[in-house]
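Taking it in order: structure first as structure tokens, then the write-up.
The sequence lines fix the lettering, A, B, ..., with proteins before strands; numbering per chain opens at 1. The structure presented is a predicted model; accordingly, all values stated were derived computationally and were not measured.
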There are 2 protein chains.
Amino acid sequence: MTTIKDAGAPVALPLDTILAGDCIEAMQGLPAASVDLIFADPPYNLQLKGELHRPDNSRVDAVDDDWDRFDSLKTYDAFTRAWLTEARRVLKPDGAIWVIGSYHNVFRLGAALQDLGYWLLNDVVWRKSNPMPNFRGKRFTNAHETLIWASRSEGAKYTFNYEALKALNEGVQMRSDWTIPICTGHERLKDDNGDKAHPTQKPEALLHRVLVGTTKPGDVVLDPFFGTGTTGAVAKMLGRSWIGIERDAGYRKVAEARISRVRKFDREALEVSTSKRAEPRVAFGVLVERGLLRPGEELWSLSGRHKAKVRADGTLIADDVKGSIHQVGAHLEGAPSCNGWTYWHFRREGQIVPIDYFRQQIRAEMQAG
Amino acid sequence: MTTIKDAGAPVALPLDTILAGDCIEAMQGLPAASVDLIFADPPYNLQLKGELHRPDNSRVDAVDDDWDRFDSLKTYDAFTRAWLTEARRVLKPDGAIWVIGSYHNVFRLGAALQDLGYWLLNDVVWRKSNPMPNFRGKRFTNAHETLIWASRSEGAKYTFNYEALKALNEGVQMRSDWTIPICTGHERLKDDNGDKAHPTQKPEALLHRVLVGTTKPGDVVLDPFFGTGTTGAVAKMLGRSWIGIERDAGYRKVAEARISRVRKFDREALEVSTSKRAEPRVAFGVLVERGLLRPGEELWSLSGRHKAKVRADGTLIADDVKGSIHQVGAHLEGAPSCNGWTYWHFRREGQIVPIDYFRQQIRAEMQAG
DNA sequence: ACGATTGCTGAATCGGCTG
DNA sequence: ACAGCCGATTCAGCAATCG
């Protein structure tokens, strides 16, 4: 019996699995707009070894060392644009991508992203605390790599867990330079001979920051150059779904074993700080409705210089202006905008308290109820 | 009488002057293969949309100058490739170029350099110890800019003063990430109204490291986007010849006045280390790089009996000895060893202060960064 | 005089929901 | 689609003022 798949039927995503094969072909088998985030660590070298494809997906013939640099760069660009095009198709409209590279290839990557319609959000520098020295003393120690973070399109509502990242960074907002050691020691995967299993294994700390910062629990993360599966391992720990693509059977095997050993963190551990923006919205009028503030009661700015009267409909009236708590505050301060919740205060027993106190009380009730 | 210039005759270089006009046309007037180093800080093409306010409602004074506006990426690329082509013609065969940019434009710059036949040597990250925060909490703090260092061609014998850079960096080889504060305070040039004279003035410490590291005394340094002349000012201090190109008459005037105030450092101060030596790990060179101590400035022992002169690479020279602050101190005291940080003092307004004062200052900054 | 406090500013691609 | 409006959001360094 043959199962015929409807052309329009939703295709199930191969979640939490490693797809074997070329990344462009494998991505072609995935449905459009199905992935929340892509993390890609493509080949850095310019002397491509034949795994490359032209824009029409025909295979590039075997390596020819006599190729001049122009042809080589051109070939690399064609490969880059081919897989980035497929990646963009697979991304959800509000999805985003991270790519990582060194100065050999990162300018090709960045230019291609811009040309294909991605919107650059930041470039991020991975500062290696323990880089390999420059042995010949002919250049600067190559002590960093560059990541580019881009949304699928300009205006996309990409995920950015601002408060979580700020918490990771001792309470100040996360900068575009991250100091992280290279992957060594126990974390570095070894093959049966005790040699490193993969030449460019990325540290889990790097993926941790990427995934905590720019995905939500349950999001689908795709890594088209999976290697030994750092992306999958960290995604599993963090309660994200993942899809890996890898051509090399040896790497797939190592990745499979590695990820099976990983245990997901507790749900509590995965809860990250959220911003006020994510909390439910409360109208000022509700405070009046519930009798927390009485119509006719006076509110004061912190300095006590300005005051306004509460009206029954949840607007304020001051000497020469009426409107929302925000509008009246902005007008009195001559400011372009004003957060009325923190600007206005009420008095109780000699104390002066911001009205946000009541909002928090209401939010707590909403949570409980 | 008319002087007829032979087509093949050497054309005199307009050394230590600012050329007025468009950088492409001005470079066309320079002879081929005449310049040792180019430092270029081209427009970044920021493409800002609306206004931005800080949380305290103050307005951010953004870069909205006409010279930073381009119709499209295509227009920007055409401009970039035009000036980089002319720059390459003007460079000596063993010459090199530095370009600086942010994620908005640096991928266009890097890709263009590669396409035009330059050979990338390093990308270098300028980590700002005091960047402007991301006020809306929507992205990572944009805390760095990227410099690309490239030779005119593959195989060129570019200048790289390995030992001088190592001396500047506590005796370990210089990495590809440089932590330097943005240009503020007295170094920041102001116009007659007290406003910043140029929106994107670069810190002298950045140019100090570039020129000490990749030029020789007497080299010709060209800056096709001269602005207020940081490149010229530092080149003059360091005994390099310079040529600036600038379209804006206001900037030229500021640069002219600035550079005329600069004094060249002593010749002795400009001799940098060329031989290998086992140096103790001292950060003294950073004090020089950041302008806390001037090359040529005299340091004194507490008693005032001994003195020595500061050199640009962070070594000292006294009557009959040169070396690190520790070595010179030990020699003058006839002692087996000496802590140069507490031995040497500088004078400010009649006060005599140990140089360790500045080290503590730098350490505080590094902590912050 | 000197430490503490307040104020200003820097190459920035810096909303999101509702009607 | 678009307008209107709510309402969230900052770090380091320097200078001027205050006590």
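B:Arg54 CZ: more than 12 foreign heavy atoms inside a 6.0 Å radius. The number of heavy atoms from other shown groups lying within 6.0 Å of NZ (B:Lys190) is above 12. Within 6.0 Å of NZ on A:Lys307 lie no more than 12 heavy atoms contributed by other residues, nucleotides or ligands.
Here A:Trp119 counts as stacked on C:dT13: its ring centre is under 5.5 angstrom from the base ring centre and the planes meet at under 30°.
Using a 4.0 Å heavy-atom criterion, one finds that B:Arg59 contacts no nucleic acid atom at all. Looking at heavy-atom distances under 4.0 Å, A:Val282 makes contact with sugar-phosphate atoms alone, never a base. Across all strands shown, A:Arg277 has heavy atoms under 4.0 Å from sugar-phosphate atoms exclusively, and none from any base. Across all strands, B:Lys202 comes closer than 4.0 Å to base atoms (heavy-atom distances). Within the 4.0 angstrom heavy-atom criterion, no nucleotide atom of any strand lies near B:Ser102. Heavy atoms of B:Gly50 sit under 4.0 angstrom from at least one base atom. Base contact: B:Gln47 has a heavy atom under 4.0 Å from a base atom. B:Glu51 comes within 4.0 angstrom of a base, heavy atoms only. Across all strands, B:Asp64 comes closer than 4.0 Å to no nucleic acid atom at all (heavy-atom distances). Within the nucleic acid shown, B:Pro42 comes within 4.0 Å of at least one base atom, counting heavy atoms only. When heavy atoms are screened at a 4.0 angstrom cut-off, B:Asp61 is found touching the sugar-phosphate backbone but no base atom. Using a 4.0 Å heavy-atom distance criterion, B:Asn142 is classed as a sugar-phosphate-only contact.
The partner of C:dC14 cannot be assigned: no Watson-Crick or G-U wobble pair with both contacts below 3.5 Å exists in any strand. The partner of D:dT10 cannot be assigned: no Watson-Crick or G-U wobble pair with both contacts below 3.5 Å exists in any strand. Checking D:dA16 for Watson-Crick or G-U wobble geometry (two distances, each under 3.5 Å) identifies C:dT5 as its partner.
Comparing A:Trp341 and A:Val172 along DNA chain D, the residue whose closest nucleotide (by nearest heavy atom) sits nearer the 5' end is A:Trp341. When the nearest nucleotides of DNA chain C are assigned to B:Val63 and B:Arg136 by heavy-atom distance, the more 5′-ward of the two goes with B:Val63. Along DNA chain C, the nucleotide closest to B:Asp56 and the one closest to B:Ala62 are compared, and the more 5′ of them pairs with B:Asp56.
As rounded to the nearest Å, D:dT10 and C:dT9 have C1' atoms that lie 12 Å from one another. For the C1' atoms, the distance linking C:dC14 with D:dG7 amounts to 15 Å, nearest Å. Here, C:dG16 and D:dA1 have their C1' atoms 15 Å apart, quoted to the whole Å. On the C1' atoms, C:dA1 is 15 Å away from D:dT17, given to the nearest whole Å.
In this pair, B:Phe70 and B:Phe79 present their aromatic rings tilted. The plane angle is within the 30 to 60° band.
The stretch residues 305-338 of chain A touches DNA chain D through A:Ser324, A:His326, A:Gln327, A:Ser337, A:Cys338, each having a heavy atom within less than 4.0 Å of the strand.
For C:dT5, the base adopts the anti conformation, since its glycosidic angle falls more than 90 degrees from zero.
Ring centroid separation for the pair B:His198 and B:Trp67 comes in under the 6.0 Å cut-off. Aromatic ring centroids of A:Trp119 and A:Tyr158 lie 6.0 Å or more apart. The ring of A:Trp98 has its center closer than 6.0 angstrom to the ring center of A:Trp149.
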Q: Would you sort out whether A:Trp344 and A:Phe284 count as a ring pair (Phe, Tyr, Trp, His ring centres under 6.0 Å), showing the intermediate values?
A: CA-CA 11 Å; A:Trp344 292 111; A:Phe284 176 70; 9.3 Å; no
Q) Does the side-chain contact (heavy atoms from CB on, under 4.5 Å) test come out yes or no for A:Lys276 and A:Glu279, once each step is laid out? A) CA-CA 5 Å; A:Lys276 289 182 191 167; A:Glu279 296 184 54; 4.0 Å; yes
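One can place CG of B:Asp68 at 10 Å from C1' of C:dT13, the figure rounded to the nearest angstrom. One atom, NE2 of B:His53, and another, P of C:dC8, lie 14 Å apart when rounded to the nearest Å. Summarising the geometry, the separation between CG on B:Leu292 and P on D:dG13 is reported as 13 Å, rounded to the nearest angstrom. Atom CZ in A:Arg281 sits roughly 6 Å away from atom C1' in C:dC17 (whole-Å rounding). Straight-line distance from the CZ atom of B:Phe135 to the C1' atom of D:dG7: 18 Å, rounded to whole Å. Distance CG (B:Asn193) to C1' (C:dT9): 17 Å, rounded to an integer number of Å. Between A:Gln173 atom CD and C:dC14 atom C1' there is a gap of 10 Å when expressed in whole angstrom units. The separation between A:Leu120 atom CG and C:dC14 atom P is 12 Å, rounded to whole Å.
Side-chain N/O atoms of A:Tyr162 include none lying less than 4.0 angstrom from OP1 or OP2 on C:dC14. OP1 or OP2 of C:dG16 has at least one side-chain nitrogen or oxygen of B:Lys138 nearer than 4.0 Å. Look at B:Asn130 and you won't find any side-chain N or O under 4.0 angstrom from OP1 or OP2 of D:dC11. Phosphate contact (OP1/OP2 of D:dA15, side-chain N/O of B:His186, threshold under 4.0 Å): present. Within the structure, every side-chain polar atom (N or O) of B:Lys196 is placed at least 4.0 Å from both OP1 and OP2 of C:dT9. Residue A:Arg175 places none of its side-chain N or O atoms closer than 4.0 Å to OP1 or OP2 of D:dT10. For A:Arg359 and D:dA8, the shortest distance from a side-chain N or O to OP1 or OP2 is below 4.0 Å.
We find the OH-OH distance between B:Tyr44 and B:Tyr76 to be 9.0 Å, quoted to the nearest 0.5 Å.
Candidate nucleotides C:dG10, C:dA11, D:dA8 were compared by shortest atom distance to the side chain of B:Asp41, and C:dA11 ranks first. Closest to the side chain of B:Met132, from the set D:dT9, C:dA12, C:dT9, is C:dA12. Distances from the side chain of A:Lys166 to the nucleotides C:dC14, C:dC17, D:dC11 place D:dC11 closest.
One finds a salt bridge joining A:Asp177 and A:Arg175 here, because a Lys/Arg side-chain nitrogen approaches an Asp/Glu carboxylate oxygen to under 4.0 Å.
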